[in-house]
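So the structure is just underneath, and the comments pick up after that.
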Amino acid sequence: MTTYRSSRTIVVGAAQLGPVQRTDDRASVVSRMITLLREASSRGCDLVVFPELALTTFFPRWFLEDISEADHWYETSMPGPQTQPLFDEAKRLGIGFSLGYAELTPVDADGTRHRYNTQILVDQKGTIVAKYHKVHIPGHAENEPNRPFQHAERYYFEPGPEGFGVWRAFGGLVGMMTCNDRRWPESYREMGLQGVEMILCGYNTPIHYVPDPSQDILQGFHNALVMQAGAYQNGTWVVGVAKGGVEEGVDSLGQSCIIAPSGQIVAQALTTGDELIVASCDLDWCKRYKDTLFDFEKYRRPEVYTRITSQLGAIIAPENG
Ligand code: CDT
């Protein structure tokens with residue numbers, strides 16, 4: 001197959017990972033990621049996207065009363081000694097990548113160390129060109145011992161204060177979001193209003209949704225629904241990348257996919273394990289939507305959208321009469 005390329009094309013690989021168990025060390029995960037990078041190189045990729053919290057098991061499924069006991073799941077430098085081989089190999093291959101990981105920052109001016117669910121974008125020379133801190137933190141902050149497993153992201157991570165950025169990279173306008181962010185239309189629109197042409201999103205999505213198990217069977221549908229809608233309504237490519245399969249007894253969604261600005265899925269993972277899917281993404285395709293049906297400048301009405309930024313929860317409409 002000949003890969004179509006214009007100067008406005010990114011050949012992107014969604015590098016889905018299968019489960020990372022608690023006993024899997026960073027070196028073994030990085031080795032799996034390097035295998036995927038090499039496959040991506042042989043398939044002509046410019047950019048490879050790895051999932052959320054790619055380097056470790058999805059540790060918010062456990063509640064540790066002493067949070068410092070979780071410190072070993074966080075990165076204190078990037079690259080660090082264990083991730084340097086990934087950066088070295090990507091640079092050698094001339095491939096950029098995006099990576100999700102737990103970040104524990106150095107002490108800031110207030111004497112605080114911050115814990116973020118972080119995603120970075122690394123260019124083809126191995127330089128970190130953008131960093132994003134997950135905005136929408138799902139789950140709970142307290143131990144809920146009656147659950148079959150925890151989703152204590154709100155205990156382990158604070159929400160990113162910076163919001164959604166868009167960066168000039170890979171010849172286009174690239175943004176990032178992480179997992180639960182993909183369910184919120186505001187995430188896409190914030191980036192759409194900065195002209196985004198490709199959104200990179202890693203995720204860990206347990207099939208079993210404890211607060212409402214009736215949603216379990218719909219996990220795949222909802223995953224595609226939100227990313228296809230976000231792509232179409234903002235005229236952007238979306239690359240959604242899972243850490244799937246049964247991790248520490250918790251079954252997680254695969255179905256990584258690459259979505260065109262039309263909202264159509266152009267590539268989708270077939271397994272829940274380590275798997276690379278590739279698509280050649282013509283960024284000029286975005287203009288067909290951005291310049292027509294979703295011409296924001298022409299058609300948006302921000303003066304009647306004021307509730308979106310002034311109000312948090314719903315204020316129910318009063319009774320008639
Ligand atoms: N990692 C992450 O954000 N996962 C959530 C699970 C549902 S909320 C408990 C998601 O939105 O996929």
Side-chain angles (χ1 to χ4, degrees), residues 14 16-20 22 29 49-63 70 73-75 98-103 115-120 132-160 163-164 176-188 199-231 238-257 259 268-269 272:
Q16 177 175 285
L17 288 175
V20 175
R22 193 174 191 153
V29 182
V49 185
F50 294 106
E52 174 193 37
L53 300 182
L55 300 168
T56 63
T57 199
F58 188 79
F59 62 85
R61 73 169 63 89
W62 298 291
F63 195 94
W73 279 313
Y74 293 76
E75 310 301 315
S98 181
L99 169 66
Y101 63 94
E103 177 185 10
R115 296 174 188 272
Y116 293 120
N117 190 334
T118 297
Q119 194 174 327
I120 51 169
Y132 166 72
H133 295 133
K134 184 175 181 178
V135 166
H136 298 99
I137 309 293
H140 49 101
E142 311 290 335
N143 194 13
E144 296 188 4
N146 293 329
R147 297 170 59 110
F149 55 89
Q150 306 292 304
H151 197 108
E153 277 197 68
R154 293 175 76 86
Y155 175 66
Y156 288 110
F157 301 115
E158 61 186 278
F164 296 95
M176 291 182 278
M177 63 183 178
T178 302
C179 195
N180 190 259
D181 290 323
R182 76 196 190 286
R183 302 186 193 272
W184 299 91
E186 294 88 348
S187 311
Y188 304 86
I199 297 176
L200 316 177
C201 177
Y203 60 90
N204 285 260
T205 296
I207 301 286
H208 182 39
Y209 182 58
V210 178
D212 177 14
S214 77
Q215 296 180 30
D216 295 3
I217 200 168
L218 300 172
Q219 288 292 356
F221 167 63
H222 289 156
N223 181 55
L225 176 74
V226 292
M227 292 196 289
Q228 290 183 261
V238 174
V239 183
V241 189
K243 174 138 64 65
V246 183
E247 196 178 86
E248 296 293 338
V250 177
D251 197 5
S252 293
L253 186 71
Q255 299 186 14
S256 299
C257 53
I259 300 157
Q268 185 166 33
T272 54

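By convention here, the first residue in the shown sequence is residue 1. Every number for a ligand or one of its atoms is a count from 1 in the order of the listing. All figures in this text were calculated on a predicted structure; none of them were measured in a lab.
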Exercise. Which residue supplies the protein heavy atom nearest to atom 8 (S) of ligand 1, what is that atom called, and how far is it?
Worked result: P138 CB, 3.6 Å
Exercise. Taking only heavy atoms of N204, which atoms of ligand 1 are found under 4.0 Å from at least one of them?
Worked result: 1 (N), 2 (C), 4 (N)
Seminar exercise, completed: So for Y203 against ligand 1, with non-hydrogen atoms under 4.0 Å, the contacting part is neither
Exercise. Which residue and non-hydrogen atom of the protein lie closest to atom 12 (O) of ligand 1, and at what distance in Å?
Worked result: T205 OG1, 2.7 Å
Problem set entry | From CA spacing to verdict: side chain to side chain contact (heavy atoms under 4.5 Å, CB included), K134, Y116 | CA-CA 7 Å; K134 184 175 181 178; Y116 293 120; over 6 Å; no
Problem set entry | N204 side chain vs E52 backbone, donor-acceptor pair below 3.5 Å | yes
For this session: For atom 3 (O) of ligand 1, grab the closest protein heavy atom and report residue, atom and distance to one decimal in Å.
Result: K134 NZ, 2.8 Å
For this session: Return yes if some donor-acceptor pair links the side-chain N/O of E248 with the main-chain N/O of R22 below 3.5 Å, else return no.
Result: yes
Problem set entry | Y132-F164 aromatic ring centre distance below 6.0 Å | yes
Problem set entry | Within-shell test, H136 vs ligand 1, heavy atom, strictly < 4.0 Å | no
Exercise. Where is the nearest protein heavy atom to atom 11 (O) of ligand 1: which residue, which atom, and how far?
Worked result: R183 NE, 2.7 Å
Problem set entry | atom 6 (C) of ligand 1 - nearest protein heavy atom and its distance | H151 CE1, 3.7 Å
Seminar exercise, completed: In ligand 1, the atoms that come under 4.0 Å of a heavy atom of E52 are 1 (N)
Problem set entry | Whether Q150 side chain and E144 backbone form a donor-acceptor pair below 3.5 Å | yes
Exercise. Can you name the closest pair of heavy atoms from S252 and T272 and give their distance?
Worked result: O-CG2, 4.5 Å
For this session: Pull out every atom of ligand 1 sitting under 4.0 Å from any heavy atom of N180, numbered as shown with elements.
Result: 3 (O), 10 (C), 11 (O)
For this session: Indicate yes or no for a side-chain donor-acceptor contact from R154 to the backbone of I137 under 3.5 Å, with no hydrogens or angles considered.
Result: yes
Exercise. Between W73 and R115, is there a cation-pi geometry (under 6.0 Å to ring centre, at most 45° from the normal)?
Worked result: no
Exercise. Per the ring-ring contact (aromatic ring centres under 6.0 Å, His included) rule, which among F157, F58, F63 passes with H151?
Worked result: F58
Exercise. With a cut-off of 4.0 Å, which atoms of ligand 1 are near a heavy atom of F58?
Worked result: 1 (N)
For this session: Decide whether an N or O pair under 3.5 Å exists between Y209 and ligand 1.
Result: no
Exercise. Of all the non-hydrogen atoms in the protein, which one sits nearest to atom 5 (C) of ligand 1, and at what distance?
Worked result: C179 SG, 3.8 Å
